[in-house]
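Some notes on the structure that comes next.
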Amino acid sequence: MRITDTSDMWWKNAVIYSLDVETFQDGSGDGVGDFAGLARRIDYLAELGVTCLWLMPFYPSPDEDDGYDITDYYGVDPRLGTLGDFVEVTRTAHDRGMRVIVDLVLNHTSDEHPWFKESRKSTDNPYRDWYVWRDTDPGDTSDKVVFPDEEDSIWEKDDKTGEWYLHNFYRFQPDLNIANPAVREEIARIIGFWTQLGVDGFRVDAVPFILETTGYTGEEKKELGDPMDFLRETCALLRRRTGDGILLGEVNVPYEDQYEFFGAERGDGLALQFDFIGMQKIYLAMARHDARPIVESLEKRASFPLARQTQWANFLRNHDELTLDKLTDSERREVFDAFGPQENMQVYDRGLKRRLPPMLDGDPRRIRMAYSLLFSLPGTPSIFYGEEIGMGENLAEEGRMAVRTPMQWTSEEGAGFSNAPRRRWVAPFPDGGYAPDHVNVADQRPDPESLYGFVRTLIFLHRRHPELGWAPTEVVDVGDPAVLVLAARGEDAIVVTVHNLSPEGRTVSVSVPRVEPDSRLVDLWEQEPLPVDPKKRFEVQLDGYGCRWFRIQSQADTRLY
Ligand code: NOJ
């Protein structure tokens, strides 16, 4: 890896941290997180070592889908601050060496967006074709709904004109018509606006839904052409405007289809995509104490070799349900049984509304192993706020809101998130063992043995080893299905990570092929060279749920630790 690669293609070895401004830090004392509060916490994020902030939607919104229902793409919700406050945050983050990407929700607007208010007025309104309408009964589409608890169709009949509009998500989120050139121009303006304000890219919501053409007439389909061309043009626009801006796609489809969203071998599509399949296989592997599902997904993924400038974003948790939709019914059942057996822990028959630590019964060994595994996977790790301190969920909250409770900074009333009276807090904190008096930043930050200390070290190690983001990675077979050994082979060093998914201790014998003569073995957690010849087989001892990281370092590698 050349220095220019690792700095220019910053997303290839970034560490992403996603947060909702509303639940991170209240700066105004009204019980709602805001940009003024976030600005004060940028140093915390810099100290943790994250290199890219992903801000969930902060635009004006009726907030029926936690901000994913937008009424103005060019503003900041007044509850959260102003555009000026937004710029202060971006500028401060840049000053501390962090990139900022923001959620871009193009599939749909809120039904309260002025465009839709116009569109529904009459069939000849100039905004009519900004959305997707049909004049015939769509019939039963209940098998296509994304939120089966609340919707039974992806079409809604609108009384005013007696026609149906498309909404792949909730009925209050009408789908925009991207076949309409006016809509496409507006999208370019939105991207232009936020890049002028300094953002480094976008997390693009629901990409496959933006590009699918359900409900489009023959004429519209012709006008749209290949939807992938639209994606490529959008990526090219962003590159022209920023040089190194990225689109990180939410694309939960099979790997072969994700490959197309990357722009296949040309790599002129999305720069990054979340690995939803890999995430689901990790939970299956953890449930079984068997690493093979992870190996299978890594191998399948690698059978679609990425272009140099594209990258996987790995994650264990995000703001949504932990979806298990890509597992078979029986695999999903195994994960439910292991990590969320009660009905109130499950949503939409396909996912879990829990955070990781409660799913792992709070077992510190297993939680650390899970994060170590995440950071060892080839790609860019992405974490959700509060994961670094092991926050839990609040199951009393509806659906996905269970994992969107406020950040827990201290053990005080309001958890350092807000000093407003309890009744004004934007969401309640979890009770019991995961309440702020047990889980908070203030207690963990000074303690190197804490989960915070562990995650901070992982971030440090990830940044220190660009091999993890860049280098081809092999699975090293050690003959024990519970143990995953990965070797990321860089030019001058091989990073070897070893994870034990079983509760029992293990000793494995590791033999990494093609090691340079005179290489030495360094234990990265102990930050010390080992008296072992890495060209030969070497033994690695692991506790139950243990994890170890090594570097096999040639003479040319000058890293000291
Ligand atoms: C995906 C987002 O992650 C989710 O939170 C949202 O509800 C849907 N898209 C609709 O925007």
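In each ligand, atom 1 is the first atom listed, and ligand 1 is the first ligand listed.
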Q: Compare D69, D103, D205 and give the one whose heavy atom is closest to atom 2 (C) of ligand 1.
A: D205

Q. When the ring planes of F274 and W54 are compared, do they come out parallel, tilted or perpendicular, using 30° and 60° as the limits?
A. tilted

Q: With F193 as reference, evaluate Y59, Y74, F202 under the ring pair (Phe, Tyr, Trp, His ring centres under 6.0 Å) test and give the passing residue.
A: Y74

Q: May I ask you to list the atoms of ligand 1 that are less than 4.0 angstrom from any heavy atom of R400?
A: 4 (C), 5 (O), 6 (C), 7 (O)

Q) Would R120 count as a cation-pi partner of W133, with NZ or CZ less than 6.0 Å from the six-membered ring centre and within 45° of the ring normal? A) no

Q: Compute the shortest N/O to N/O distance between Y170 and ligand 1 and return yes if it is under 3.5 Å, no if not.
A: no

(Q) Side chain, backbone, both or neither: which applies to M56 and ligand 1 if a contact is any heavy-atom pair less than 4.0 Å apart? (A) neither

Q. With atoms numbered from 1 as shown, which atoms in ligand 1 lie under 4.0 angstrom from a non-hydrogen atom of H319?
A. 2 (C), 3 (O), 5 (O)

Q) Taking atom types as modelled and ignoring hydrogens, do the side chains of E118 and N125 form a donor-acceptor contact shorter than 3.5 angstrom? A) yes

Q.
As a quick check of understanding, evaluate side chain to side chain contact (heavy atoms under 4.5 Å, CB included) for V335 and R332, giving each step before the final call.
A. CA-CA 5 Å; V335 179; R332 189 177 314 111; 5.8 Å; no

**Q.** Subset of ligand 1 atoms that lie under 4.0 Å from at least one heavy atom of E250
**A.** 1 (C), 3 (O)

Q: May I ask which of V105, D65, V146, D320 has a heavy atom nearer to atom 5 (O) of ligand 1 than the others do?
A: D320

Q) Counting heavy atoms only, which part of R203 comes closer than 4.0 Å to ligand 1: side chain, backbone, both or neither? A) side chain

Q.
I need the contact type for F147 against ligand 1. Using non-hydrogen atoms and a strict under-4.0 Å cut-off, is it side chain, backbone, both or neither?
A. side chain

Q: Apply side chain to side chain contact (heavy atoms under 4.5 Å, CB included) to K117 and Y127, showing your working.
A: CA-CA 9 Å; K117 286 188 178 164; Y127 282 93; over 6 Å; no

**Q.** Aromatic ring proximity, centroids under 6.0 angstrom, F86 and F35
**A.** yes

(Q) Over 60° means perpendicular and under 30° means parallel, so tell me whether F24 and Y44 are parallel, tilted or perpendicular. (A) tilted

**Q.** Distance filter under 4.0 Å to R404 heavy atoms, resulting ligand 1 atoms
**A.** 5 (O)

Q: Pull out every atom of ligand 1 sitting under 4.0 Å from any heavy atom of H108, numbered as shown with elements.
A: 10 (C), 11 (O)

